[in-house]
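These notes concern the structure reproduced below.
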Amino acid sequence: MRIGTGYDLHKLIQGRELILGGVKIPYDKGLLGHSDADVLVHAIIDSLLGAMGEKDIGTHFPDTDDSFKDISSILLLQKTMQIMQNNGYKIVNIDSNIICQKPKLMPYIDKMKERLAPLLNIDESMLSIKAKTNEGVDATGLGEAISAQCICLIEKI
């Protein structure tokens with residue numbers, strides 16, 4: 001068994017869609033990034049890569065590579081799952097937090113789990129996604145950014 005952690009943070013800006021956990025969230029701002037900037041999926045990817053002893057998301061999917069420009073993070077997750085399969089690992093469980101002041105995410109958590117669990121080859125009960133605020137503190141608490149944290153447990157097949 002191996003444990004991995006992941007973290008990501010992106011600035012909120014006008015003129016972008018807000019995508020979290022592979023789900024489009026109605027909001028007047030979206031996350032700035034080379035890809036769709038889905039902080040939850042990026043944190044999950046980094047936790048999985050770390051648990052396998054692989055290099056980070058930026059090494060595997062660099063923002064200097066135009067082939068990843070505006071790419072769906074779901075596609076990056078699928079590529080990460082292929083790396084897991086090639087290395088002979090499977091996910092035991094994932095626990096994650098999305099930290100943002102607005103919008104309220106509780107209505108979308110189940111949709112995120114429905115979207116991600118099949119891609120991760122786990123039951124929804126093995127995927128925890130929690131929404132938190134930073135109580136008005138730092139960039140996330142001031143509504144300027146959204147971040148995500150993730151921890152995963154994987155095992156050799």
Side-chain angles (χ1 to χ4, degrees), residues 2-91 94-103 105 108-109 111-113 115-122 127-132 134 137-154 156:
R2 297 178 63 131
I3 296 171
T5 63
Y7 170 82
D8 197 29
L9 176 137
H10 285 272
K11 180 179 179 178
L12 281 162
I13 62 165
Q14 298 287 333
R16 296 264 303 195
E17 290 185 335
L18 179 58
I19 309 292
L20 294 169
V23 175
K24 183 178 174 184
I25 311 291
Y27 195 55
D28 64 338
K29 296 179 182 175
L31 295 169
L32 177 63
H34 188 70
S35 67
D36 64 8
D38 186 330
V39 292
L40 176 59
V41 173
H42 292 185
I44 290 171
I45 289 170
D46 252 350
S47 72
L48 295 171
L49 291 170
M52 289 185 286
E54 290 278 334
K55 293 182 179 179
D56 69 4
I57 189 172
T59 302
H60 284 272
F61 313 111
D63 63 7
T64 55
D65 185 336
D66 285 340
S67 70
F68 300 122
K69 179 74 174 144
D70 297 322
I71 194 170
S72 167
S73 295
I74 293 297
L75 295 174
L76 303 180
L77 180 58
Q78 291 171 329
K79 291 174 184 288
T80 303
M81 293 304 295
Q82 186 62 54
I83 294 168
M84 281 195 68
Q85 182 179 345
N86 293 346
N87 285 308
Y89 287 103
K90 71 174 188 171
I91 298 168
I94 291 177
D95 186 21
S96 63
N97 296 312
I98 306 170
I99 303 98
C100 74
Q101 205 63 35
K102 291 181 183 177
L105 298 178
Y108 305 99
I109 298 294
K111 291 177 185 174
M112 292 179 204
K113 289 177 71 167
R115 177 78 168 118
L116 295 175
L119 298 171
L120 296 165
N121 298 318
I122 57 174
L127 173 59
S128 172
I129 302 172
K130 300 175 299 293
K132 304 290 181 186
N134 259 11
V137 178
D138 79 13
T140 56
L142 294 173
E144 298 170 357
I146 296 178
S147 65
Q149 307 163 333
C150 180
I151 187 165
C152 71
L153 180 64
I154 65 173
K156 262 306 197 192

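Hydrogens, waters and symmetry mates are skipped; everything else that's a heavy atom, side chains included, is used. Residue numbers start at 1 and run along the sequence shown.
- Within the 4.5 Å cutoff, the side chain of N97 has heavy atoms near those of the K130 side chain.
- For F68 against F61, the heavy-atom pair with the smallest separation is CE1-CA, 3.6 Å.
- Side-chain atoms of I129 and L105, non-hydrogen and from C-beta on, never get closer than 4.5 Å to each other.
- Listed here is the closest heavy atom pair of I146 and K102: CD1-O, 4.5 Å.
- Counting heavy atoms of neighbouring residues, nucleotides and ligands inside a 6.0 Å radius, atom NZ of K79 does not exceed 12 of them.
- Residues I25 and M112 form a side-chain contact, since some pair of their non-hydrogen atoms from C-beta on lies under 4.5 Å apart.
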Query raised in the report: Given K90 and N121, is the side-chain contact (heavy atoms from CB on, under 4.5 Å) satisfied, shown in steps?
Result: CA-CA 8 Å; K90 71 174 188 171; N121 298 318; over 6 Å; no
Query raised in the report: Does the side-chain contact (heavy atoms from CB on, under 4.5 Å) test come out yes or no for L116 and V41, once each step is laid out?
Result: CA-CA 9 Å; L116 295 175; V41 173; 4.0 Å; yes
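- Residues D70 and R16 have side chains in contact (heavy-atom distance under 4.5 Å, counting atoms from C-beta outward).
- Under a 3.5 Å cut-off, the side chain of H60 and the backbone N or O of D46 do not form any donor-acceptor pair.
- When all heavy atoms are compared, the tightest approach of C152 to S47 is SG-O, 3.3 Å.
- Under a 3.5 Å cut-off, the side chain of K132 and the backbone N or O of A148 do not form any donor-acceptor pair.
- Residues D28 and Q14 meet the side-chain proximity criterion, which asks for heavy atoms closer than 4.5 Å.
- Judged purely by distance below 3.5 Å, without hydrogens or angles, the side chains of H42 and D8 pair a donor atom with an acceptor atom.
- The shortest side-chain heavy-atom distance between M52 and R2 does not fall under the 4.5 Å cut-off.
- A 6.0 Å sphere centred on NZ of K69 holds more than 12 heavy atoms belonging to other residues, nucleotides or ligands.
- Closest non-hydrogen pair, I57 versus L49, comes out as N-CD1, 3.7 Å.
- Once rounded to the nearest 0.5 Å, the distance linking CG of L48 with CD1 of I83 reads 10.0 Å.
- Closest approach of S35 and I71 over heavy atoms only: CB-O, 3.4 Å.
- Of all heavy-atom pairs spanning S128 and D95, the tightest one is OG-OD1, 3.0 Å.
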**Report entry** Criterion side-chain contact (heavy atoms from CB on, under 4.5 Å) on V39 and S147, from CA distance to verdict
**Finding:** CA-CA 6 Å; V39 292; S147 65; 5.8 Å; no
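- In this structure, D56 contributes its side chain and G58 its backbone to a donor-acceptor pair below 3.5 Å.
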